[in-house]
Every structure is written in C-alpha cells, then in structure tokens.
**Student:** 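Okay, here's the structure, questions in a sec.
Quantities reported herein were computed from a predicted structural model and do not represent experimental measurements.
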Amino acid sequence: MTDYLKKINQLDAQLDNPLIHDQIKEVNQIDRYMKEKKILPTAPRRLGFYPNEVEKLESCMSRQQKGNIKVTNQLLNSMRQYLSINYGVWSLPNLETAKLIKEQFKISSVLEIMAGNAYWSKALTEVGLKTIATDSLEWSKTSRTGSQQATKVLNLSAPEAIRAFPEVQLVICAWAPNFDESDLSAIEAWQNYNPSSRLLFIGEKNGVTNSATFWHQIHFTHSSELQAINHSFTSFDFIEEQIFEIKHEI
C-alpha cells in the first residue's frame, strides 16, 4: 500500500469527476490529519460507491475510464487497510463523537484498554476528559507503526489496566483482536474491579473485531445516549463500525 495515495490521486486526475474528486479529497484530508497526529473534527463521509452508483458513473464514460472507476472504488474501500498499515489505526475517532461521549454519559475520566496507538485517548483528552491509555504493546514489537503513538500508552494488559485504575467512570476499547478472547478477560476484570463504570467497545458486530464468543455471549444496551453518540459516528467505509455499550450481565 506504499503507493496508495499516489495511485488514487492519479486516478482522480484521469477521471476528472466531481463525485470521485470529493471522495479523494476526503482521503487526502484524513491522511493529512493522521500524518500530523491530529483528530478529525467530525466523522468522515462514507468512502466508496455502491454497485448502482458505480453503474451510474460508468454510464457516461469510456471503456478505459470504466476500468479506472473500478480500481478507484477498490482503493477507496481499502482506506481502512491503508490507515492500519501506515498509522496502526483501525478506528478513526472524531472530536464531535468524543464530546458526545463526555456529555451524554456525564463523565470526567476514561480508561482506554487495548489502545494501540491511542487515537481515541487523544480525542477524549482533547474534549476535556482525564484519559489513561493502556495496551500490552505486544503487537508493537513486530509493527513498524508501533512507535507512532498519538499519546502516551502505559504497558498494561486490559485486565491489569482495569485493576490498576478502578476509579475511572468509563472504560473504552476500539477494535479488540478477533483471534483470542482478551475481550472476555477485560469484561470479567471490569465486573470485578469497576462495575459502576460504563464500558464501550467499538468495532464491527460479528465482523473482524472481538472474539466469536464475545458477540455470542455479551448483551448490549440501547440507550438514547448511545444512539445519539452513534449517530455522529458514521463508519467511513462499508464496514459497519459502531459503538456498543456492554451490560453487566453475560
């Protein structure tokens, strides 16, 4: 993905279509923010086109342009992969959603577990929350993005972090790994050490986040506060990323 931006901008120039140009402009803006370790003010618009939208775009284009549209759409749908490879980020926080989390839940302190490069922690800090970012950091030993933390990350596993900071009002986790059951270990620690706090997981239900057991066993709340938060947090691609609040009972 090293030539991702170069390729997608070349295609934008060749196609010279305002709808495509708007999306490439969004891609470049996201990349600029990430390079500078800044948080987006609002959630990005959806990237990529549905099949019927592709057909409409193709209806007035040459055969070569039609091929370029398909390639462009594939690249737009790969933006999340580009961000993960180049910045170690799967979930894109934004200040509007972070502020709503603060206001809707009426909290002042947050613990982020399995934080990766801790962009959510940075967003929550910037809206005035006292935030602690933690991660086991095992992944960073083999990833070239492991040194690109947006804010300081303490070297603690999720259960260790929850046990160490039982006074926080919110525990949050974005894109927990789907190849083990560390998510369930985190919930057990939360129930044991800080059951009065709120617990949020961010990811794709039954997708590439969290263990299969997690999605099968865990119950979620559907509060009006959470609905307002999720309304501001539209996924930027066709992965149905959402914010889920966990109930205490399993």
Side-chain angles (χ1 to χ4, degrees), residues 37 39 88-140 146 149-177 180-203 209-211 213-214 217-230 232-233 241-250:
K37 291 186 171 63
I39 305 299
V89 170
W90 283 89
S91 179
L92 270 181
N94 68 84
L95 295 177
E96 179 186 11
T97 300
K99 186 177 180 182
L100 279 169
I101 289 173
K102 175 186 177 182
E103 293 174 347
Q104 292 291 327
F105 290 158
K106 298 178 174 59
I107 56 170
S108 59
S109 58
V110 182
L111 169 66
E112 185 179 10
I113 57 174
M114 308 185 213
N117 281 330
Y119 275 81
W120 270 102
S121 285
K122 183 175 175 63
L124 294 165
T125 298
E126 289 190 9
V127 298
L129 289 170
K130 181 181 178 182
T131 308
I132 305 163
T134 64
D135 193 285
S136 68
L137 300 176
E138 284 298 317
W139 66 275
S140 66
Q149 295 175 358
T151 189
K152 182 181 179 181
V153 179
L154 300 180
N155 187 352
L156 292 169
S157 69
E160 289 171 340
I162 293 169
R163 187 166 59 249
F165 300 102
E167 73 284 356
V168 298
Q169 296 169 299
L170 172 71
V171 179
I172 189 169
C173 175
W175 284 69
D180 60 29
E181 294 188 351
S182 54
D183 42 21
L184 298 180
S185 298
I187 290 174
E188 183 180 2
W190 169 66
Q191 291 173 325
N192 288 334
Y193 298 106
N194 194 0
S196 63
S197 65
R198 315 291 286 257
L199 176 59
L200 300 181
F201 277 83
I202 301 173
T209 54
N210 298 91
S211 63
T213 310
F214 173 89
Q217 291 187 1
I218 301 306
H219 300 280
F220 309 101
T221 67
H222 301 281
S223 63
S224 58
E225 297 101 322
L226 190 64
Q227 291 174 16
I229 292 166
N230 264 314
S232 72
F233 186 58
E241 183 185 26
Q242 297 180 61
I243 302 175
F244 302 89
E245 184 176 4
I246 311 303
K247 292 183 180 179
H248 284 283
E249 66 274 13
I250 295 182

**Student:** Sequence neighbours left out, cut at 3.5 Å: what donor-acceptor pairs do the side chains of residues 158-171 make with other protein atoms?
**Tutor:**
residue, atom, partner, partner atom, Å
Glu160, OE1, Ser157, N, 2.9
Glu160, OE1, Ser157, OG, 3.2
Gln169, OE1, Ser108, N, 2.5
Gln169, OE1, Ser108, OG, 2.8
Gln169, OE1, Ser109, N, 3.2

**Student:** How many angstroms lie between atom CG of Leu124 and atom CD1 of Ile39, to the nearest 0.5 angstrom?
**Tutor:** 9.0 Å
**Student:** Atom CG in Leu129, atom CD1 in Ile101: separation rounded to 0.5 Å?
**Tutor:** 8.5 Å
**Student:** With heavy-atom distances below 4.5 Å as the criterion, would you say the side chains of Ile172 and Thr131 are in contact?
**Tutor:** no
**Student:** Mind checking the NE2-NZ spacing from His222 to Lys247? Nearest 0.5 Å is all I need.
**Tutor:** 6.5 Å
**Student:** Under the rule for side-chain hydrogen bond (donor to acceptor under 3.5 Å, both in side chains), what residues qualify as partners of Trp175, not counting sequence neighbours?
**Tutor:** Glu241
**Student:** With sequence neighbours left out, what residues match Asp180 under side-chain hydrogen bond (donor to acceptor under 3.5 Å, both in side chains)?
**Tutor:** Ser182
**Student:** Nearest 0.5 Å, please: how far is CD1 in Ile113 from OG in Ser136?
**Tutor:** 11.0 Å
**Student:** So, the side chain of Asn117 versus the backbone of Ala150: is there a donor-acceptor pair under 3.5 Å, distance only?
**Tutor:** no
**Student:** Mind checking what makes side-chain hydrogen bond (donor to acceptor under 3.5 Å, both in side chains) contact with Thr209, not counting sequence neighbours?
**Tutor:** none
**Student:** Do Ile187 and Phe201 have side-chain heavy atoms sitting under 4.5 Å apart?
**Tutor:**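 Side chain of Ile187 against side chain of Phe201, heavy atoms only: contact under 4.5 Å found.
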**Student:** Measure across Thr151 and Ser121 and return the closest heavy-atom pair with its distance rounded to 0.1 Å.
**Tutor:** CG2-CB, 3.9 Å
**Student:** Calculate, to the nearest 0.5 Å, the distance between atoms CD1 and CG belonging to Ile132 and Leu154 respectively.
**Tutor:**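 Output value for this atom pair is 7.5 Å.
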**Student:** Kindly write out the residues that satisfy side-chain hydrogen bond (donor to acceptor under 3.5 Å, both in side chains) with Ser232, not counting sequence neighbours, or none if the list is empty.
**Tutor:**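 Expected list: Thr97.
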**Student:** Do the non-hydrogen side-chain atoms of Ile246 and Trp190 ever get within less than 4.5 Å of each other?
**Tutor:**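 In short, these two side chains touch, coming nearer than 4.5 Å.
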**Student:** Closest heavy-atom contact between Lys37 and Gln149?
**Tutor:** CE-O, 3.2 Å
**Student:** According to side-chain contact (heavy atoms from CB on, under 4.5 Å), who are the partners of Thr213, at least two apart in sequence or on a separate chain?
**Tutor:** Glu181, Leu184, Ser211, Gln217
**Student:** If you look only at pairs with a residue in residues 105-130, which of them pass as a salt bridge (charged side-chain N to carboxylate O under 4.0 Å, His left out), with sequence neighbours excluded?
**Tutor:** Lys122-Glu126
**Student:** Can you name the side-chain contact (heavy atoms from CB on, under 4.5 Å) partners of Gln104, sequence neighbours left out?
**Tutor:** Leu100, Glu225, Ala228, Ile229
**Student:** If I take atom CG from residue Asn155 and atom CG from residue Asp135, how far apart are they, to the nearest 0.5 angstrom?
**Tutor:**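 Reported to 0.5 Å precision, the distance equals 8.0 Å.
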**Student:** So, for Val153 and Gly116, which heavy atoms are closest and what is the spacing to 0.1 Å?
**Tutor:** CG2-O, 3.7 Å
**Student:** Who are the ring-ring contact (aromatic ring centres under 6.0 Å, His included) partners of Phe244, not counting sequence neighbours?
**Tutor:**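 So Phe244 forms a ring-ring contact (aromatic ring centres under 6.0 Å, His included) with Trp215, Phe220.
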**Student:** Are Tyr119 and Leu92 side-chain neighbours, meaning at least one heavy-atom pair lies under 4.5 Å?
**Tutor:**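 Contact flag for Tyr119/Leu92 side chains = no.
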**Student:** Output all residues satisfying salt bridge (Lys or Arg N to Asp or Glu O under 4.0 Å) with Glu245, sequence neighbours left out; order by chain, then residue number.
**Tutor:** Arg198
**Student:** Suppose we screen for side-chain contact (heavy atoms from CB on, under 4.5 Å). Which residues come up paired with Ala174, at least two apart in sequence or across chains?
**Tutor:**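 For Ala174, the residues satisfying side-chain contact (heavy atoms from CB on, under 4.5 Å) (neighbours in sequence not counted) are Ser91, Trp120, Ile202.
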